[in-house]
Chemist: 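Could you have a look at this structure, given as structure tokens, before my questions?
For this chain, numbers begin at 1 and follow the sequence in order.
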Amino acid sequence: QVQLVESGGGLVQAGGSLRLSCAASGRTFSTYSMGWFRQAPGKEREFVAGISRSGVITYYARSVKDRSTISRANAKNTVYLQMNSLKPEDTAVYYCAARVDVTWVEVRTDPKDYDYWGQGTQVTVSS
């Protein structure tokens, strides 16, 4: 079992930046590939970014590509999501998720493939 705790959300003006963090406890962090997802009111949860166990492979949703960077610090059991040039449509609850992964270079985009979830952190972008 792993526990995930997100932080770093908040209210920001359009064009601003935020860095979300997700701290993991429990089993060895490097066992997991990690993902960030978001869910806006009335919408389904959607993939934002993912990173492989090794940290070498990253993948982004088209809506945030070129504005976001996912990274991980295995020694700190933490994954980050740096988001720049934020837009009002980025407003959502952002969730961190972990997937037990036997490979070192895989990233999944389907939330059903993830095993553990955090409680989420609210990001609100004002226009």
Side-chain angles (χ1 to χ4, degrees):
Q1 188 91 14
V2 63
Q3 292 78 42
L4 302 173
V5 179
E6 302 96 335
S7 62
L11 174 64
V12 63
Q13 289 188 334
S17 299
L18 282 175
R19 187 175 85 153
L20 307 182
S21 299
C22 173
S25 61
R27 289 182 59 187
T28 305
F29 183 64
S30 61
T31 301
Y32 305 99
S33 58
M34 302 296 295
W36 284 98
F37 293 77
R38 67 187 182 187
Q39 188 166 18
K43 295 187 177 181
E44 291 187 354
R45 191 167 298 190
E46 64 175 358
F47 173 80
V48 177
I51 189 166
S52 63
R53 284 177 61 185
S54 64
V56 172
I57 304 299
T58 59
Y59 188 74
Y60 299 90
R62 188 173 300 179
S63 58
V64 303
K65 188 175 173 62
D66 298 329
R67 298 190 292 124
S68 300
T69 303
I70 187 171
S71 61
R72 65 189 296 161
N74 285 350
K76 296 182 178 181
N77 286 7
T78 303
V79 63
Y80 306 96
L81 181 67
Q82 175 71 42
M83 300 187 69
N84 303 319
S85 302
L86 284 161
K87 305 174 182 180
E89 50 263 45
D90 293 318
T91 295
V93 177
Y94 283 71
Y95 297 91
C96 170
R99 179 176 182 271
V100 177
D101 206 331
V102 298
T103 74
W104 285 91
V105 293
E106 190 170 32
V107 175
R108 297 289 183 96
T109 62
D110 189 335
K112 296 183 180 67
D113 290 333
Y114 286 79
D115 302 295
Y116 303 101
W117 292 84
Q119 294 299 307
T121 185
Q122 176 71 46
V123 172
T124 303
V125 184
S126 63
S127 57

Chemist: Rounded to the nearest 0.5 Å, how far does CD of Q82 lie from CG of L20?
Modeler: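 So the CG of L20 and the CD of Q82 are separated by 8.5 Å.
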
Chemist: Within the structure provided, determine whether Y60 and V48 are in side-chain contact (heavy-atom separation under 4.5 Å).
Modeler: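 No. Closest side-chain heavy atoms not under 4.5 Å.
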
Chemist: Show your reasoning for whether side chain to side chain donor-acceptor pair (under 3.5 Å) applies to S30 and T28.
Modeler: CA-CA 6 Å; S30 61; T28 305; 5.6 Å; no

Chemist: Is the closest side-chain heavy-atom distance between V79 and W36 below 4.5 Å?
Modeler: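 V79 vs W36: side chains touch.
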
Chemist: Got a second to check how far E44's CD is from Q39's CD, nearest 0.5 Å?
Modeler: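 The distance works out to 8.5 Å.
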
Chemist: For atom CD of Q119, is the number of surrounding heavy atoms from other residues, nucleotides or ligands below 6.0 Å larger than 12?
Modeler: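 12 or below, so no.
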
Chemist: OG/S52 to CZ/R99 distance, rounded to the nearest 0.5 angstrom?
Modeler: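 Separation between the atoms: 11.5 Å.
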
Chemist: Using every non-hydrogen atom in the two residues, find where Y116 and V100 come nearest and quote the distance to one decimal.
Modeler: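 Minimum heavy-atom separation between Y116 and V100: CE1-CG2, 4.2 Å.
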
Chemist: Which atom pair, heavy atoms only, marks the closest approach of F37 to W117?
Modeler: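 Closest pair (atom of F37, atom of W117, distance): CD1-CH2, 3.5 Å.
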
Chemist: What distance separates N84 CG from S68 OG, expressed to the nearest 0.5 Å?
Modeler: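 The CG atom of N84 sits 7.0 Å away from the OG atom of S68.
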
Chemist: Kindly work out whether a path of hydrophobic side-chain contacts (I/L/V/M/F/W/Y, heavy atoms less than 4.5 Å apart) joins V56 to Y59.
Modeler: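 Yes: a chain of side-chain contacts under 4.5 Å links V56 to Y59.
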
Chemist: Y94: which residues meet the ring-ring contact (aromatic ring centres under 6.0 Å, His included) condition with it, sequence neighbours left out?
Modeler: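 ring-ring contact (aromatic ring centres under 6.0 Å, His included) list for Y94, sorted by chain: empty.
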
Chemist: Taking salt bridge (charged side-chain N to carboxylate O under 4.0 Å, His left out) as the definition, give me every residue that meets it alongside R38, ordered by chain and number, with sequence neighbours left out.
Modeler: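 Salt bridge (charged side-chain N to carboxylate O under 4.0 Å, His left out) check on R38 returns E46, D90.
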
Chemist: Can you name the nearest heavy-atom pair linking D101 to S33, along with the distance?
Modeler: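 Where D101 meets S33 most closely, the heavy atoms are OD2-OG, 3.1 Å.
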
Chemist: Would you give the length of the straight line joining atom CG of L11 to atom OG1 of T91, rounded to the nearest 0.5 angstrom?
Modeler: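 Interatomic distance, L11 CG to T91 OG1, rounded to 0.5 Å: 8.5 Å.
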
Chemist: Would you please name every residue forming a ring-ring contact (aromatic ring centres under 6.0 Å, His included) with Y80, sequence neighbours left out?
Modeler: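 Listed in chain order: nothing, the list is empty.
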
Chemist: Taking all non-hydrogen atoms of both residues, which atom of K76 and which atom of T78 are closest, and how far apart?
Modeler: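 Answer, listing the atom of K76 first, then T78: O-OG1, 2.8 Å.
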
Chemist: Find out if a path of hydrophobic residues (ILVMFWY) with successive side-chain heavy-atom gaps under 4.5 Å connects V64 to V123.
Modeler: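 Yes.
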
Chemist: So, the side chain of S54 versus the backbone of W104: is there a donor-acceptor pair under 3.5 Å, distance only?
Modeler: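 A pair under 3.5 Å: yes.
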
Chemist: Among pairs that include at least one residue of residues 37-76, which meet disulfide bond (SG atoms under 2.5 Å apart), considering only residues two or more places apart or in two chains?
Modeler: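 Output for this query is empty, none listed.
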
Chemist: Please report the shortest heavy-atom distance between L81 and A49, naming the atom on each side.
Modeler: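 In terms of heavy atoms, the two residues are closest at CD1-CB, 4.0 Å.
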
Chemist: So if you build clusters from Ile, Leu, Val, Met, Phe, Trp, Tyr with side-chain heavy-atom gaps below 4.5 Å, do M34 and V107 land together?
Modeler: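 M34 does not cluster with V107.
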
Chemist: Can you tell me how far apart CD (E6) and OH (Y95) are? Round to the nearest 0.5 Å.
Modeler: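 Answer for the CD-OH pair, E6 versus Y95, is 8.5 Å.
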
Chemist: Might you point out which heavy atoms bring L4 and A98 nearest each other, and give the distance in Å?
Modeler: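 Smallest heavy-atom distance, with atoms named: CD1-N, 3.7 Å.
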
Chemist: Applying side chain to side chain donor-acceptor pair (under 3.5 Å), can you list everything that pairs with T109, at least two apart in sequence or on another chain?
Modeler: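 Applying side chain to side chain donor-acceptor pair (under 3.5 Å) to T109 gives none.
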
Chemist: Taking only residues two or more places apart in sequence, or in another chain, which ones meet S85 in a side-chain contact (heavy atoms from CB on, under 4.5 Å)?
Modeler: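 Once residues adjacent in sequence are excluded, the partners of S85 under the side-chain contact (heavy atoms from CB on, under 4.5 Å) criterion are R67.
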
Chemist: Is there a path of hydrophobic side-chain contacts, each under 4.5 Å between heavy atoms, that joins V5 and Y114?
Modeler: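 No, no single cluster joins them.
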
